[in-house]
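Naming: A, B, ... by sequence-line order, numbering from 1 per chain.
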2 protein chains.
Amino acid sequence: MQGEEEGKAIRRDAAKNRLHILEVASVLFSQQGVEQVSMNQIAMEAQIGSGTLYRHFRDKSELCYALINDQIPFLFEDMDDFLAEHAKEPPNQKLEGVLKRFLRFRETKRNLLFGVEEIPSKKPMAFSHQNPLFDQMHALLMAIFQEVDPSEQATGTSEFKADLLMMALRRDAYEFQREIRGRSPDEILQQLCQTFMAQPLTTDEREP
Amino acid sequence: MQGEEEGKAIRRDAAKNRLHILEVASVLFSQQGVEQVSMNQIAMEAQIGSGTLYRHFRDKSELCYALINDQIPFLFEDMDDFLAEHAKEPPNQKLEGVLKRFLRFRETKRNLLFGVEEIPSKKPMAFSHQNPLFDQMHALLMAIFQEVDPSEQATGTSEFKADLLMMALRRDAYEFQREIRGRSPDEILQQLCQTFMAQPLTTDEREP
DNA sequence: TTGACAAGCGGAGAGTTCTCCGATTAAATC
DNA sequence: GATTTAATCGGAGAACTCTCCGCTTGTCAA
């Protein structure tokens, strides 16, 4: 489902198993937290062999990703709607709206995103290049930066800025600001906008 | 040696073991790479029980850190010398010099820093808050940002910028730029300076 | 020296992740 | 329905991290 081409029809028992795994994992994860649940436990609870589990999902990270996969289109729909409505606003408004929605998503899916980003994965990188959520978000940010300064295209500065901002949106960076620095989601949002766009917004022209 | 208070004298056999572990690990790591060497392998090669190994170093990450620990003072000496010599230069020069030295260190200690930053660790966070290398570097960067704009102190913006820059200096972010984006160390340095200080340096006033 | 005893040692073992491959079974073909 | 065949299943087992606890050994005070 993730990256592979589907050349053949999927066997019915396999499809059922896959669904069943997702259900069981979803329950266990929300009951005990992603970290506390082992792959073994999921296999046992689902009454399947561990080999079966691992054929469906290479590791826990991939399993977590599968569980948020459905919701990702909604996130970007939300963002695209916002961008369409505010097409004529200055880019810093756009950036703020987009980041706000991303951070809201992050708060909502906190548990599963932890699994995606922090559980060691066989794949090159979990929340990084080649992850659709990452790539799509990155493209969005880069477009905004290029709108601000099209001359950046040649130097790759927009790309670099987007890379940097993606780092700041990662779970560990965000949670560090929340928990160790004690900043609220809104403060983080403002700092990000300030840092990545020269002129900060004044408080009263923000959207509610 | 790391964080704990030393209330008691260390037993002689324990000290000898510790040294011996470091020697063996150092050889194995440079021969086979940090990732390929297991804690078991280190214990066997050093002819000690695994319990002994784990009492000295809680995990591989901590062991790697112990192996670079000695070199860290030299890095900061180097930076402090540079800052002393260039005390009157503009802050962007200082930032560039400091970052340059840090990235040089990163390239030199690539293997061990991989272990410190990427091997899962029991401690709160490996290359992050509470790690002396991280904290010292962070303090340095924050001081530079506050020199640029002292008014940032109240808003915590300097702190935030330093946090952000530390993220960009992490292994995965740096290696991503090097390998996937194909940027040279120097390009990365320039992009960082550009992004974090409004006015970029012109090419010919950089130090060689 | 000689206990006393806390610090240190070692390795068995619990709990994981993940692989491998013979046994099963869905589904296409005859 | 019977046959074929290839995808899927299951779980034993390899390799690993890390803990626990009975045994050993420095160290220090008498």
Side-chain angles (χ1 to χ4, degrees), chain A residues 1-2 4-22 24-25 28-29 32-66 115-116 118-124 126, chain B residues 1-2 4-22 24-25 28-29 32-66 115-116 118-124 126:
Chain A
M1 262 320 87
Q2 216 78 300
E4 74 268 358
E5 302 303 301
E6 37 179 318
K8 299 270 175 173
I10 292 140
R11 242 164 73 164
R12 206 170 294 143
D13 57 344
K16 207 180 77 183
N17 263 336
R18 193 191 143 87
L19 257 292
H20 186 225
I21 290 169
L22 287 173
V24 168
L28 289 179
F29 285 162
Q32 311 185 30
V34 168
E35 255 182 316
Q36 299 310 311
V37 179
S38 75
M39 292 296 266
N40 257 333
Q41 199 183 336
I42 296 169
M44 288 202 311
E45 192 79 16
Q47 315 220 46
I48 56 172
S50 54
T52 305
L53 175 54
Y54 277 98
R55 193 168 329 88
H56 284 285
F57 305 98
R58 192 196 294 235
D59 50 45
K60 214 170 25 168
S61 179
E62 199 171 304
L63 181 47
C64 289
Y65 191 80
V116 173
E118 305 295 336
I119 306 283
S121 164
K122 292 287 152 184
K123 289 200 173 170
Chain B
M1 282 293 107
Q2 216 80 299
E4 73 269 1
E5 303 302 302
E6 37 180 317
K8 300 270 174 172
I10 293 139
R11 257 221 244 170
R12 207 171 294 144
D13 56 344
K16 209 180 76 182
N17 261 338
R18 193 192 144 87
L19 258 291
H20 185 225
I21 291 169
L22 287 172
V24 169
L28 289 178
F29 285 161
Q32 311 184 30
V34 168
E35 255 182 315
Q36 299 311 310
V37 179
S38 76
M39 291 297 265
N40 257 332
Q41 199 182 338
I42 296 169
M44 288 205 310
E45 192 79 18
Q47 315 219 45
I48 58 172
S50 54
T52 305
L53 176 53
Y54 277 98
R55 191 165 333 86
H56 284 286
F57 305 99
R58 190 195 295 233
D59 49 46
K60 216 173 16 169
S61 181
E62 199 172 305
L63 181 47
C64 288
Y65 190 80
V116 174
E118 306 294 337
I119 306 283
S121 165
K122 292 288 151 181
K123 288 200 174 171

Q: Taking B:Lys122 for its side chain and B:Asp59 for its backbone only, find out whether a donor-acceptor pair lies under 3.5 Å.
A: no
Q: Please check the phosphate of C:dG11 (OP1 and OP2 only) for any side-chain N or O of B:Ser50 closer than 4.0 Å.
A: no
Q. Got A:Asn17 and A:Leu53 here, is their nearest side-chain heavy-atom distance under 4.5 Å?
A. no
(Q) I want to confirm an ordering. Mapping B:Val37 and A:Asp13 to their closest nucleotides on DNA chain D, which one lands closer to the 5' end? (A) A:Asp13
Q.
Tell me whether the side-chain N/O atoms of B:Arg55 come closer than 4.0 Å to OP1 or OP2 in C:dC9.
A. yes
Q. Does the side chain of A:His56 get closer than 4.0 angstrom to OP1 or OP2 of D:dC9 through an N or O atom?
A. yes
Q: Would you mind telling me which residue lines up with the more 5' stretch of DNA chain C, A:Arg11 or A:Pro120, judged by nearest nucleotide?
A: A:Pro120
Q) Just how far, in rounded Å, is P of C:dG15 from CD1 of A:Ile42? A) 17 Å
Q. Has A:Asn17 got a side-chain N or O lying under 4.0 Å from the OP1 or OP2 atom of D:dT8?
A. no
Q.
It should be established whether B:Thr52 places a side-chain nitrogen or oxygen under 4.0 Å from OP1 or OP2 of nucleotide C:dG10.
A. yes
Q: Could you tell me whether the side chain of A:Ile42 reaches within less than 4.5 Å of the side chain of A:Leu28, counting heavy atoms only?
A: yes
**Q.** Spacing of B:Met44 atom CE relative to C:dG11 atom P, expressed in whole Å
**A.** 12 Å
Q. Is any side-chain nitrogen or oxygen of B:Arg12 closer than 4.0 Å to OP1 or OP2 of D:dT27?
A. yes
